[in-house]
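Taking it in order: structure first as structure tokens, then the write-up.
In what follows, chains carry the letters A, B, and so on, assigned in the order in which the sequence lines appear, proteins first and then strands, with residues in each chain numbered from 1.
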Amino acid sequence: MNIEHFLSKTISAAVNQLFTLNTKPEDVILQKTKKEFEGDFTLVTFPYIKAAKLSPEKTGEAIGEEISRLNSDISTYNVVKGFLNISLSTSFWLKQFKTISADAHYGIKPANSSGKQIMLEYSSPNTNKPLHLGHVRNNLLGYAVASILKTQGHDVVKVNLVNDRGIHICKSMLAWKLFGNGETPESSGLKGDHLVGKYYVEFDKAYKKEIQELTSQGMSKENAEKQAPLMVQAQEMLLKWEAGDPETIKLWKMMNNWVYDGFKVSYQKLGVEFDKTYYESNTYLLGKEVVQEGLEKGIFYKKENNSVAIDLSADKLDEKIVLRSDGTSVYITQDLGTAIERFKEYPKTSQMIYTVGNEQDYHFKVLFKILEKLGYDWAKECYHLSYGMVELPEGKMKSREGTVVDADDLMDGMVEAAREVTEASGKIDSFSQEEKDTLFTTIGMGALKYFILKVDPKKKMLFDPKESIDLQGNTGPFIQYAHARIKSILRNYNKPTKDLVIEANIHLHEKERELVKLLYDFPKVLEEAAKTYNPSDVANYTYELAKLFNQFFSECPVLKEENNAVREFRIKLIESTALVIKNGMLSLGIEVPERM
RNA sequence: GGUCCGGUAGCUCAGCUGGAUAGAGCAGCUGCCUUCUAAGCAGCAGGCCAUUGGUUCGAAUCCAAUCCGGAUCACCA
């Protein structure tokens with residue numbers, strides 16, 4: 001039921017006949033007719049005027065006449081300069097809509113029906129600090145892309161790779177040991193991840209002070225950074241950890257568990273989840289065999305100092321070290337090992353997607369290239385879902401310096417803002433307290449999620465904490481509101497809608513026709529978003545649909561419509577609209593309320 | 001310096017596989033609630049699409065150069 005395709009066929013047949021051309025249907029470029037003009041689809045006639053030996057207008061007329069003759073679904077056409085605007089008949093659109101409204105899963109393919117399994121990694125936090133706005137973008141983006149891929153029938157395995165080891169955790173541990181006085185989440189009343197983050201900041205403050213003292217004594221900045229007692233101690237702690245020192249491991253486990261307790265709460269508020277969680281403490285040694293394998297295949301080479309490297313200069317990626325001279329792994333070694341391990345663990349997986357910020361673009365180019373050179377055929381299916389940084393008006397966020405927008409604060413603030421607006425409206429006075437709280441969360445989180453997801457992932461985005469996220473206009477709550485309005489009408493109707501018949505001979509209001517046309521686009525939008533890993537397509541589409549519904553709502557009565565056939569069509573129309581809004585939003589990880 | 005990404009209304013963003021008069025929202029100004037939810041609708045105002053050249057019947061969109069901003073080029077992760 002691809003309309004463009006069958007129109008293209010008609011058009012190519014027409015131009016081939018008229019102008020003795022050999023155009024294929026896929027060469028015909030159709031676009032949606034702009035709002036200011038009458039029509040459903042537009043053909044630009046310039047490409048044909050040469051063969052036609054006619055003016056653009058006459059060419060358009062000729063094609064229009066011929067396709068109307070060939071295809072009875074084309075009701076009228078008009079020509080404006082070099083543009084042929086084609087209108088399909090109302091009965092044709094109603095036929096399309098009948099199919100749409102009969103499909104309870106319109107646009108959504110059955111679970112696991114594609115036969116393709118995709119592993120998608122996202123979130124991947126460090127355990128030395130709480131989540132901030134940057135992580136929020138990562139989590140929401142990863143979860144949304146996973147959901148969108150699921151609408152295409154793919155089996156998506158969501159994985160988290162927790163960075164639970166390394167020097168940064170040792171910094172928090174050391175600071176807690178030195179300055180913490182045994183403080184715990186219970187004793188401080190702080191959420192575990194926030195408590196650990198507090199000591200990460202403490203470390204940095206004390207460390208900076210040490211550096212300053214040393215440099216004022218005449219030491220170079222570089223040396224001071226290395227020789228500051230705190231840094232030396234942190235390094236020692238890391239060595240102890242790697243050696244399995246019981247006391248260090250005990251401290252590490254305790255503090256990491258505080259963090260996990262905290263993350264659990266944040267993840268739940270964000271509404272994200274994972275099928276599998278990996279920990280770097282288990283994977284950081286992986287990849288050494290891979291290096292051996294690469295050496296044997298001659299893909300890697302040993303340098304004089306015993307480190308192992310690969311030359312990627314032919315691919316414009318320079319030389320890259322894959323093993324240090326002391327034989328230990330670098331970051332990319334782990335990633336190589338982990339990737340290979342995962343494909344062994346999930347043999348059905350044919351693609352791996354990494355949701356990681358664009359500051360690591362280079363890293364992933366190198367990673368995929370090495371995997372390819374090692375001969376893993378799935379390497380070309382690996383994809384770096386690279387997203388832009390979230391910036392504040394004063395620039396990048398820095399955890400160490402505390403210039404971050406905390407994820408928990410942000411979420412709580414949004415829910416609170418939703419509460420204020422909702423209570424002021426007085427529309428939910430009959431709700432129970434529990435229903436109210438759920439609604440505030442739905443709206444507040446809807447606003448936050450939509451705000452982030454409507455922006456093209458590739459682009460960096462700006463967030464100004466002084467200007468709170470809007471609840472009006474192009475926002476999540478605007479879309480949620482349209483859904484709630486429809487549900488309200490359907491509640492008032494209070495009868496089953498299943499047996500309502502869509503009559504073929506009703507006249508369509510302009511907004512009704514637009515709604516049908518826009519609903520028709522939904523499956524393509526999801527498909528495209530899945531193909532390009534871009535939730536913003538779905539977000540923008542859903543907003544367009546909600547806006548169009550609001551226009552329809554103010555111009556067309558539903559329950560008060562006196563003509564039976566029209567009224568019943570409208571009920572079906574808004575029912576499908578609500579379903580598409582809901583499924584569009586759910587594919588972004590955003591809930592829609594029945595009432596608000 | 002090399003590579004990559006970006007520069008569209010006062011602000012935040014769409015549009016970028018070339019097509020008609022460049023779109024939304026916010027902020028500002030006007031109207032519209034005794035009628036299915038006004039978190040809404042209708043309207044006004046706001047633009048040398050960074051600059052310059054090129055390709056084309058046609059360029060915000062493609063190409064080149066320049067300017068501005070950011071990222072990256074570790075035996076860090």
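- Taking the syn range as angles within 90° of 0, the glycosidic angle of B/C57 is outside it, so the base is anti.
- Here B/U3 presents its P atom at 17 Å from CG of A/Leu312, a figure rounded to the nearest Å.
- Atom P of nucleotide B/A77 and atom NZ of A/Lys398 are separated by 21 Å, given to the nearest angstrom.
- The C1' atoms of B/C26 and B/C68 are separated by 26 Å, rounded to the nearest whole Å.
- Among the nucleotides B/A39, B/U21, B/U72, the one closest to any side-chain atom of A/Phe37 is B/U21.
- Distance noted for atom C1' between B/C49 and B/G23: 12 Å (whole Å).
- Following rounding to the nearest Å, A/Tyr450 (OH) and B/C13 (C1') show an atom-to-atom distance of 10 Å.
- For the pair A/Phe83 and B/A20, the ring geometry qualifies as stacking, because the centroid separation is below 5.5 Å while the planes lie within an angle under 30°.
- When the P atom is used for both B/U3 and B/A65, the distance is 10 Å, rounded to whole Å.
- Look at CD on A/Glu359: it is 14 Å from C1' on B/C73, rounded to the nearest Å.
- Under the rule for a side chain to side chain contact (heavy atoms under 4.5 Å, CB included), the partners of A/Asn492 that lie at least two apart in sequence or sit in another chain are A/Ser488, A/Leu559.
- Between the CZ atom of A/Arg419 and the P atom of B/A39 there is a distance of 18 Å, rounded to whole Å.
- A residue-by-residue look at A/Ser425 and A/Lys365 shows that A/Lys365 has its nearest nucleotide of RNA chain B further toward the 5' end.
- Separation of the C1' atoms belonging to B/U51 and B/G46 is 23 Å when rounded to the nearest angstrom.
- One finds a side-chain N or O of A/Asn492 lying less than 4.0 angstrom from the OP1 or OP2 phosphate oxygen of B/U37.
- Each of B/U12, B/G19, B/U37 was ranked by its minimum atom distance to the side chain of A/Gln31; first place goes to B/G19.
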Where each pair must be Watson-Crick or G-U wobble with both distances under 3.5 Å, what dot-bracket representation of RNA chain B is obtained, with crossing pairs in [ ] and other-strand partners as |?
-> (((((((..((((.....[...)))).(((((.......))))).....(((((..]....))))))))))))....

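- For the pair A/Glu555 CD and B/A42 P, the computed distance is 7 Å after rounding to whole Å.
- Scanning for side chain to side chain contact (heavy atoms under 4.5 Å, CB included) contacts around A/Glu61 gives A/Tyr77, A/Val79, with sequence neighbours left out.
- Contact between the side-chain N/O atoms of A/Ser554 and the OP1/OP2 oxygens of B/C41 is not found at any separation under 4.0 Å.
- Pairing each heavy atom of A/Lys171 with each of A/Ala234, the nearest pair is CG-CB, 4.5 Å.
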Show the numbers, then the answer: is there a ring pair (Phe, Tyr, Trp, His ring centres under 6.0 Å) between A/Tyr354 and A/Phe364?
-> CA-CA 9 Å; A/Tyr354 297 85; A/Phe364 281 100; 5.0 Å; yes

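- Listed nucleotides B/C36, B/C13, B/A77 differ in distance to A/Leu559; the shortest reach to its side chain belongs to B/C36.
- Taking every side-chain heavy atom of A/Asp361 into account, B/C4 is the closest of B/G19, B/G40, B/C4.
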Take nucleotides 23-34 of chain B nucleotide by nucleotide from the 5' end and write B, S or -, depending on whether a protein heavy atom sits under 4.0 Å from the base, only from the sugar-phosphate, or from neither.
-> -SSS--------

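- Taking the C1' atoms as reference points, B/C63 lies 7 Å from B/U55, given to the whole Å.
- Contacts between residues 384-394 of chain A and RNA chain B, defined by a heavy-atom separation below 4.0 Å, involve no residue at all.
- Between the CD1 atom of A/Ile29 and the P atom of B/C57 there is a distance of 16 Å, rounded to whole Å.
- Proximity note for A/Val80 (side chain, C-beta onward) versus B/A20, B/U37, B/U12: the nearest is B/A20.
- Closest contact between the side chain of A/Asp318 and the listed nucleotides B/C41, B/U37, B/C73 involves B/C73.
- A distance-only check finds a donor-acceptor pair linking the side chain of A/Gln480 to the backbone of A/Thr442 [under 3.5 Å].
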Summarise protein proximity over nucleotides 58-64 of chain B in one line of letters, 5' to 3': B for base, S for sugar-phosphate only, - for none, counting protein heavy atoms closer than 4.0 Å.
-> -------

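- Between A/Asp361 and A/Ser386 the shortest heavy-atom distance is OD1-OG, 2.8 Å.
- Phosphate proximity of B/C36 to A/Arg491: absent, as no side-chain N or O sits under 4.0 Å from OP1 or OP2.
- Between A/Phe19 and A/Ala62, the closest heavy-atom pair is CZ-CB, 4.5 Å.
- The A/Lys560 side chain lies nearest to B/C36 when the options are B/A20, B/C13, B/C36.
- Comparing the C1' positions of B/A45 and B/G6 gives an interatomic distance of 30 Å, to the nearest angstrom.
- When the P atom is used for both B/C41 and B/C48, the distance is 28 Å, rounded to whole Å.
- The side chain of A/Tyr362 lies closest to B/U72 when the candidates are B/C13, B/U72, B/A39.
- Listed pair A/Lys459 / B/A14 meets the phosphate criterion, a side-chain N or O lying under 4.0 Å from OP1 or OP2.
- Comparing B/A71, B/C13, B/A38 against the side chain of A/Met461 picks out B/C13 as the nearest.
- A/Phe553 carries A/Arg485 over the face of its six-membered ring, with the cationic atom under 6.0 Å from the centre and within 45° of the normal.
- The phosphate of B/A39 (OP1 or OP2) has a side-chain N or O of A/Tyr481 nearer than 4.0 angstrom.
- Straight-line distance between the C1' atoms of B/A60 and B/C16: roughly 8 Å, to the nearest whole Å.
- Here A/Lys81 reaches the OP1 or OP2 of B/U21: one of its side-chain N or O atoms lies under 4.0 Å away.
- In this structure, the CG atom of A/Leu471 is 16 Å from the C1' atom of B/U37, given to the nearest Å.
- A/Leu230 and A/Tyr207 get closest at one heavy-atom pair: CD1-N, 3.5 Å.
- With hydrogens and angles ignored, a donor-acceptor pair closer than 3.5 Å exists between the side chain of A/Asn85 and the base of B/A20.
- Here A/Tyr284 and A/Trp241 bring their ring centres to under 6.0 angstrom of each other.
- The side chain of A/Pro477 sits closest to B/A39 out of B/C36, B/G19, B/A39.
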